[in-house]
Amino acid sequence: MAFTPLHDRVLVRRIESEEKTKGGLIIPDTAKEKPAEGEVIAVGAGAKDDDGDRIAMDVKAGDRVLFGKWSGTEVTVDGEDLLIMKESDILGVITA
């Protein structure tokens with residue numbers, strides 16, 4: 001990929017939600033909300049503190065994360081729709 005986020009920015013691919021409810025009802029595309037779960041594709045080097053030292057990122061490429069409903073900016077990279085957001089927009093990391 002030819003894109004690397006800067007500072008404390010993170011590039012995320014949305015993970016699509018289930019097409020059926022737990023009860024078995026199929027949800028049409030027009031009624032689906034945009035998923036708030038994604039996979040981290042790339043991360044920046046981290047923000048700098050007041051002394052100019054880098055603050056390490058808490059997420060890394062491959063992490064599954066939850067983010068706010070209106071978080072990030074939609075971008076197209078290599079023909080794929082992705083989100084770029086600040087690390088602080090990420091609510092948490094999903095572990096198995």
Side-chain angles (χ1 to χ4, degrees):
M1 177 175 294
F3 183 84
T4 302
L6 297 176
H7 307 294
D8 63 340
R9 303 260 184 332
V10 180
L11 188 65
V12 176
R13 175 186 299 123
R14 286 187 194 270
I15 297 175
E16 295 300 323
S17 58
E18 295 292 322
E19 304 222 352
K20 290 185 181 181
T21 64
K22 289 181 182 179
L25 297 175
I26 296 175
I27 303 169
D29 289 338
T30 55
K32 286 184 189 176
E33 289 188 20
K34 289 186 177 180
E37 182 178 334
E39 177 186 1
V40 175
I41 304 301
V43 297
K48 290 188 178 184
D49 63 13
D50 293 336
D51 296 328
D53 298 325
R54 289 266 181 212
I55 301 170
M57 299 285 278
D58 290 328
V59 296
K60 62 187 179 310
D63 283 350
R64 287 178 64 118
V65 295
L66 288 177
F67 49 87
K69 188 174 187 176
W70 306 108
S71 297
T73 301
E74 293 182 0
V75 296
T76 302
V77 178
D78 295 337
E80 183 177 12
D81 292 332
L82 303 171
L83 287 171
I84 188 163
M85 64 184 71
K86 287 185 157 264
E87 184 183 31
S88 60
D89 289 339
I90 295 173
L91 304 174
V93 178
I94 301 170
T95 56

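A quick note: this is a predicted structure, and the numbers were derived from the prediction, not measured.
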Query - Non-neighbouring partners of Asp53 that pass side-chain contact (heavy atoms from CB on, under 4.5 Å), sequence neighbours left out - result: Asp49, Asp51
Any [X] side-chain heavy atom under 4.5 Å of [Y] side chain:
X: Glu74; Y: Asp81; result: no
X: Ile55; Y: Asp8; result: no
X: His7; Y: Met57; result: no
X: Glu37; Y: Val65; result: no

Report summary line: What one should report as the nearest heavy-atom pair of Leu83 and Gly72 is CD2-C, 4.4 Å
Query raised in the report: Which atom names give the shortest non-hydrogen contact between Ala42 and Phe3, and what distance separates them?
Result: CB-O, 4.5 Å
Spatial distance of atom [atom1] ([X]) from atom [atom2] ([Y]) [nearest 0.5 Å]:
X: Ile94; Y: Ile15; atom1: CD1; atom2: CD1; answer: 7.0 Å
X: Leu11; Y: Leu82; atom1: CG; atom2: CG; answer: 5.0 Å
X: Arg64; Y: Glu39; atom1: CZ; atom2: CD; answer: 8.0 Å
X: Arg9; Y: Ile84; atom1: CZ; atom2: CD1; answer: 6.5 Å

Query - Check ion pair Asp63-Lys60 (N to O, under 4.0 angstrom) - result: yes
Query raised in the report: Are Ile90 and Leu66 connected in the hydrophobic side-chain network, where two residues link if heavy atoms are under 4.5 Å apart?
Result: no
Report task. Determine whether Val93 and Val12 fall in the same hydrophobic cluster, where Ile, Leu, Val, Met, Phe, Trp and Tyr are linked whenever their side-chain heavy atoms lie under 4.5 Å apart. Result -> yes
Query raised in the report: Between the side chain of Glu87 and the main-chain N/O of Asp58, is any donor-acceptor distance below 3.5 Å?
Result: yes
